[in-house]
Protein chains: 2
Amino acid sequence: MVVKTTERTRWRESRRRSAREAIIQGAWTLVREEGLAALSIRELASRVGITTPTVYAYFESKNAIYDAMFGQAAIEFRDAMAAPHNVEDQKELLLADVHRFFAFSLSDTARYQLLFQRTLPGFEPSPESYAPAQQALAGARRRLADIGITASRHLDLFTALVTGLVDQQVANDPGGKRWSQLAKEAVDMFVTHCQAAKVSKSRLLIHPAQ
Amino acid sequence: MVVKTTERTRWRESRRRSAREAIIQGAWTLVREEGLAALSIRELASRVGITTPTVYAYFESKNAIYDAMFGQAAIEFRDAMAAPHNVEDQKELLLADVHRFFAFSLSDTARYQLLFQRTLPGFEPSPESYAPAQQALAGARRRLADIGITASRHLDLFTALVTGLVDQQVANDPGGKRWSQLAKEAVDMFVTHCQAAKVSKSRLLIHPAQ
DNA sequence: GTCTATAGCTGGATAGAC
DNA sequence: GTCTATCCAGCTATAGAC
C-alpha cells in the first residue's frame, strides 16, 4: 500500500508531461525485462502505478500500445540512421551505416524484435507508425546508389547480408561482437562483388558479340 | 457428437501404429494453420479426437510436445541435407546445399521457425533433440572445408549470408523466389571473396615484409 | 479520469471414476 | 488409458460508482 502510494505519486508527476508517454515507457521497461510477447496490461498498469481501466482510457487495446511503441521505435531508427557522418569516402559511409544499424539493434533487442522481426501474432503496425522506418530504408537505398549500386537484386542481397549478420549477433551473441566484427569484411565483399558485376557488364556492352 | 465419433475411430486406428506419432502429427497441422505459438493442448486434443488428460498420458508437458516436434524436424533436416548429390564440382555442391536449405525451409515455415528461430518463450530443445541438427551443421562445415574455406570468421559470414537470404524469403515472400534466386550470386560472391583473401594471405607469407 | 469489481474467456495441468 | 469434471492462474476488456 505504501509502495502503491509512491507509484501513484510518480504517476501524477509524469501525468503533467504526458500520460501516454508514461505508459509507453513502462511498456518498454517491461518488454525489455520479460520479452516482447510478455506485455500484459495488468502487469503494465501495476508497474506504472495505475489500474487497468486507466490504461484503457489512453489506449483502446493492447495492440494500440504495441503500435505506439512501434511508431516511437521507427522514429528513433530513422533519426539514428539520418544523423550526419564525419567521413567522406562513399564506401566508408556505407560501412558507417552498417555499424550504426548494429549499434541501434544491439542497444535494445526488444526494440529490434518489434521493428524487424514479425514475431507478434496478430499485430501489424499501422501505416503511420511504419512510415519513418520506410524513410530510413530509402536512405539506405540512396547510400547504395551513391556508390553506383542500383540493381534491385543487389539491394535485396545487401539487406539479406546485413540483416543476416545482425540477426545472428542479436540471437546468438547479444553482448559480444562475433558477427558485428565481420561488418567491414562483409561490406568489402559486397561492394567488390557489385563493382565487378558492373565491369563485366560494361565489357559486354563494348563487345556485344562476346 | 457424430463428428467426435469419427475422430475417435480415426484415433483408434492410428493408435495401432503409435499414439505419440498421431499427437505430433496433429500438432504439426495445428501450428501450420495457426502459427507455431498457437499450439494449445485443448485444441490439439480436440482435433485429434481425444481429451486433454489423454495428451498428458503421452507427454508430460506442452514443451515436451515442442521438443518432440523439434527432434523430428531436426532429423528431417539432417536427412534432407545428407542425401547424395549428382554433381561433382565442389562449388556446385555448396550451391546445391544452399538450394536444399531453401527448399527445406520454404516447404514448411512453421518447421523452419521452430528449428532456426528462437521465438518460443521458455522453450529450449533438449540435447537429444538438437543433436541431429548439429550433425547437419557439421556437414556444412565439411563442405566449406572441401573448397578450402576453414577460417571460423568465414563460416560465420557464410551462415549469416545464407540465413539472411532464407529469412528474408520466408518472412517477406514465402511463395516466391525473390531472395532464393540470389543464391547462386551470393555463393559466387562469398567463394570469390574467400579465395581472394587466401591469395593475399599467401602473398604476405611469401613477402612478409610487405 | 480513476477507481473497485468483475465479466468472460482460455490456458496448462490434475483428481478420481471407470 | 481414457474419460468427466474441475482447479487455478492468467489474460483482455468493461460496467458502474465516484
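Residue numbers begin at 1 in each chain, while the letters A, B, ... track the order of the sequences. Keep in mind that this is a model prediction, so the values were computed, not measured.
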Query - Under 4.0 Å protein heavy-atom contacts per nucleotide of nucleotides 6-11 of chain D, with B for base, S for backbone only and - for none - result: -----B
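- At whole-Å resolution of the value, CG in A/L44 and C1' in D/dT12 are 13 Å apart.
- Nucleotides of DNA chain C that come within less than 4.0 Å of any heavy atom of chain B span, from the 5' end to the 3' end, C/dG11 to C/dA15.
- Ring-plane geometry between B/F158 and B/F190 is classed as tilted, the angle between the planes lying from 30 to 60 degrees on a 0 to 90 degree scale.
- Listed for the A/S105 side chain is no donor-acceptor partner under 3.5 Å among the backbone atoms of A/Y112.
- A salt bridge does not link A/R178 with A/D173: none of the charged nitrogens is closer than 4.0 Å to a carboxylate oxygen.
- Under the 3.5 Å distance criterion, with hydrogens and angles disregarded, a donor-acceptor pair is assigned to the side chains of B/D97 and B/H85.
- Salt-bridge check for A/R142 with A/D146: failed, with every basic side-chain N at 4.0 Å or more from each acidic carboxylate O.
- No side-chain donor from either of A/T159 and B/Q168 sits under 3.5 Å from a side-chain acceptor of the other.
- Each of B/F123, B/W28, B/F59 was scored for a ring-ring contact (aromatic ring centres under 6.0 Å, His included) with B/Y66, with one residue passing: B/F123.
- Of the candidates B/F116, B/F70, B/Y130, B/F116 is the only one forming a ring-ring contact (aromatic ring centres under 6.0 Å, His included) with B/F77.
- Other residues, nucleotides and ligands contribute more than 12 heavy atoms inside 6.0 Å of the CD atom of B/E33.
- Within the 4.0 angstrom heavy-atom criterion, only backbone atoms of the sugar-phosphate kind lie near A/Y58; the bases stay farther away.
- Donor-acceptor pairing under 3.5 Å is lacking for the side chains of B/D167 and A/Q117.
- Residues of residues 21-33 of chain A having a heavy atom closer than 4.0 Å to DNA chain D: none are found.
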